[in-house]
Structure formats: structure tokens, C-alpha cells
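See structure below.
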Amino acid sequence: MASHSDANSLRDFWIPGHVLVPDSVVEGSNIDIEGPKCPVLVFVNSRSGGQLGGELLKTYRALLNENQVFDLGEEAPDKVLSRIYANLENLRLQGDHIAIQIMEKLRLIVAGGDGTAGWLLGVVCDLKLSHPPPIATVPLGTGNNLPFAFGWGKKNPGTDEQAVKSFLDQVMKAKEMKIDNWHILMRMRAPKQGPCDPIPPLELPHSLHAFHRVSEADELNKEGFHTFRGGFWNYFSMGMDAQVSYAFHSERKLHPEKFKNQLVNQSTYAKLGCTQGWFFAPLFHPPSSNIAHLAKVKVMKTHGGWEDLQIPSSIRSIVCLNLPSFSGGLNPWGTPNKMKRRDVNFIS
């Protein structure tokens, strides 16, 4: 049973029902009522972390208003946020004091892997809010590169009440930090026969749903090619690294029962890396599979100034990295000195 002090501390995060459910009746005036210090909306990918996602969902719903905790397996974040922000705006126009405070102080919590976190970042970006809420990431995936880069750790969290309360306290005290959003333009020669889509029944990860094919009327469209545009927040890769990631995603989609915890997931990822040729690349991957033989890469270093990326013939993977680390905390940069930065053309 929660103590009186615990109940008081949870009020800092509690969002009243009339803010979450449109057309709810508000009794009396709330102009003198102080709203929550750190109102949160919680999004949990119940399929992440084996059984942990489902347990975390239950704990958050037990501690907070269950209407402010959402299972991403049941409802997409774009629909949730569009609905709640529309209601907040309606209440603001009516002079609702609590709604006004919540719009200013709202923070989001997303529990899942890097793909889930990227999904929510994309949704918030697409909404083009005047005051976009900061997002705290619970490391519930396999690599957890985004949570690790922003100080939330990389190990799967505890799901008991004390662990959740501790994380909520961290969210309230956390300092806001910016993250860059990178744009990608991808063009592939149109096949002479058949579509250029993922092989059914597999689907693209949610983090890639921001990618879409440009219309024929778009100025970026080029005859004889399929042109896609999109963005990323953590990293974007092509070649052998992407092949392993897609193999992992495909296997998990087809056999979710095999992916029960972080350690098993990491072990499976490592096995796929070996079979795809991470450690025996010359044996498994002929030169014709190298990036230089498959694609041309251009980088816009200044606005409108595209430059060809010179790719050595031995390169089998290219990673465009927006974080200090990737692949579960691996730091590919090391700590280069000024001379090395200049030699490898690092851009800070």
C-alpha cells in the first residue's frame, strides 16, 4: 500500500482526467488550483524487453492515471498526441488553468528500443508544436543507444514500483538537451518488373515509417528511379551493418517468442553478425557486394552543396552516426586529437 508521502510525490506527475479524455465534465473553477509540477504521458512498447514491457505498463498504470499511460501495441503515438493536444488547446481557449500549465510543463516517457524512441521523436517533430515536450527514454530494447547517449543507461530497467518512482524522479530533475534531426534522400533505380517494396509479410520498423516515396510531381522525383525521403535521430546505415539489423528485425517479427530478454537478444544479434560475415567478410562477401559497387553516396556539407563520398573498394558498411556511440555503446571515434580530427575531416 502506498504511503501518504508517496501519494503526494506522485501528484507531481498526475494528469487530471478531463485533460486526457475530451468532453469530460469539469466541476467548478480550477483557476486557483496548482497543476502537476511534472506532468507526464507514458508510452510503453509492451513487446519490448521480453516480458518487461508488459510488466512496466502495469506498474505505470497502477501508479498514475491509467489514461495517461499508453500501450504502443494498441494505439499509435501520433493519434494519442493529436487527440490530447487538440483537447489541451480547446481547454486553453476556455481558460482552463491546469491545461495551460500542462501544455507548458508536459514531458513524455517512452519505454522501448531505439526504434520505438525514434518513432516518438518523429511523431513529435511532425506535429510541429509551438512548445514540443522533451522525451525521456527508458532503455527497454537490445542496443539502447539513444538512452545511453542521453544518460538514461543501456540496461533494461526494473519494473517494480520503486524502480518506476525512481525513474519518474529522474525525469523531473533531468536537464533538457537538444538532438539533431538528419534528413536522407534515397534514390533507387526502378526495377523493370515487380514492385519496390518490403517482402510480405514483413513490415518496415516504425522508426522507418517517416520514409516515404516522393510523388511524381515532386521536384526530387527522377524518371526511371524510385526516390524516398526521410530522417533519423540515432544513426542510419547501409551495407553489411544494415543487413544484420534487418535480419534481426525480420527474425523477431516472425518468431517473437525467441526474444525474451536483453541478453538473449544481444546473443542472437551477435550470431546473425557472424553468419552475415562480420568477422569473415572476405569469405562471405565477394567484392561485388561492397558499397562502392552498389551505391553512390553524396553528403551535403553546406546548403545546396552536395559532395561525392569517396568510398574505398574494401568498405562493406557505412554508418551515418548522430550519437557518440552505437551498437550497444560502441564508440567508433575514440578520443582523437586535433591533428587526427583534421586528417580524417571530422566535422564538429
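Throughout, numbering of the chain's residues begins at 1 and tracks the sequence. Computed over heavy atoms, backbone and side chain alike; hydrogens, waters and symmetry mates excluded.
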Evaluate the side-chain contact (heavy atoms from CB on, under 4.5 Å) criterion for residues V110 and T137: first the C-alpha distance (whole Å), next the side-chain angles of each, then the deciding distance (0.1 Å), finally the verdict. CA-CA 5 Å; V110 55; T137 52; 3.7 Å; yes

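- Counting heavy atoms from C-beta outward, P22 and R83 have side chains that approach closer than 4.5 Å.
- Between S82 and V80, every side-chain heavy-atom pair lies at or beyond the 4.5 Å cut-off.
- At a threshold of 4.5 Å between non-hydrogen side-chain atoms, the residues R107 and P133 do not count as touching.
- Of the inter-residue distances, the one linking L309 atom CG with K298 atom NZ reads 11.5 Å to the nearest 0.5 angstrom.
- Between I15 and N67, every side-chain heavy-atom pair lies at or beyond the 4.5 Å cut-off.
- Between F43 and F70, the ring planes lie parallel to each other; the angle is under 30°, not in the 30° to 60° tilted range.
- Nearest approach of C125 to N181, heavy atoms of both residues: SG-ND2, 3.7 Å.
- Across P16 and I98, no two heavy atoms sit closer than the pair CG-CG2, 4.0 Å.
- Under a hydrophobic clustering in which Ile, Leu, Val, Met, Phe, Trp and Tyr are joined whenever their side-chain heavy atoms come within less than 4.5 Å, directly or via other members, V297 and W306 fall into different clusters.
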side-chain hydrogen bond (donor to acceptor under 3.5 Å, both in side chains) evaluation trace for D114 with N145: CA-CA 6 Å; D114 288 325; N145 297 290; 2.9 Å; yes

Would you check, one step at a time, whether the test side-chain contact (heavy atoms from CB on, under 4.5 Å) holds for D78 with V123? CA-CA 6 Å; D78 51 340; V123 167; 3.8 Å; yes

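- Atom OG of S46 is separated from atom CG of D71 by 3.5 Å, given to the nearest 0.5 angstrom.
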Give the C-alpha distance, both sets of side-chain angles, the deciding distance and a yes or no for side-chain contact (heavy atoms from CB on, under 4.5 Å) between Q101 and K37. CA-CA 9 Å; Q101 291 183 61; K37 294 180 181 178; over 6 Å; no

Check step by step if side-chain contact (heavy atoms from CB on, under 4.5 Å) holds for R61 and V42. CA-CA 9 Å; R61 283 179 171 169; V42 183; over 6 Å; no

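- Under 3.5 Å, the side chains of N87 and H18 contain no donor-acceptor pair of N or O atoms.
- Linking Ile, Leu, Val, Met, Phe, Trp and Tyr whenever their side-chain heavy atoms come within less than 4.5 Å leaves L88 and I100 in two separate clusters.
- The minimum heavy-atom distance linking P139 with N156 is given by the pair O-ND2, 3.0 Å.
- Side-chain N or O atoms of D96 include one that pairs as donor or acceptor with a backbone N or O of A99 at under 3.5 Å.
- Using a 4.5 Å heavy-atom cutoff, the side chains of I318 and S237 are not in contact.
- In this structure, CE in M103 is found 12.0 Å from CD1 in I84, a value given to the nearest 0.5 Å.
- To the nearest 0.5 Å, atom CD1 of residue I179 and atom CG of residue N234 are 7.5 Å apart.
- Tracing side-chain contacts under 4.5 Å through hydrophobic residues (I, L, V, M, F, W, Y), one never reaches L91 starting from L93; they form parts of separate clusters.
- The closest side-chain heavy-atom distance from N322 to W182 is below 4.5 Å.
- For the pair K165 and D169, the salt-bridge criterion is not met [side-chain N within less than 4.0 Å of a carboxylate O].
- The hydrophobic cluster containing L127 also contains I102, counting ILVMFWY residues as joined when their side-chain heavy atoms lie under 4.5 angstrom apart, directly or transitively.
- Note: the hydrophobic cluster containing W14 does not contain V40 (ILVMFWY, side chain heavy atoms under 4.5 Å, direct or indirect links).
- Looking at heavy atoms from C-beta onward, T59 lies out of side-chain contact with D160 at the 4.5 angstrom threshold.
- Looking at every heavy atom in both residues, L146 comes nearest to G118 through CD1-N, 4.3 Å.
- Checked for salt-bridge contact, K58 and E66 miss the test: no charged N lies under 4.0 Å from a carboxylate O.
- The side-chain heavy atoms of F13 and I109, taken from C-beta on, include no pair separated by under 4.5 Å.
- Rounding to the nearest 0.5 Å gives a distance of 6.0 Å between CH2 of W233 and CG of L121.
- When all heavy atoms of P77 and L120 are compared, the closest pair comes out as CB-CD1, 3.3 Å.
- Taking CZ of R11 as the start and CG of L64 as the end, the distance is 13.5 Å to the nearest 0.5 Å.
- The two residues L168 and Y60 make their nearest non-hydrogen contact at CD2-CE2, 4.1 Å.
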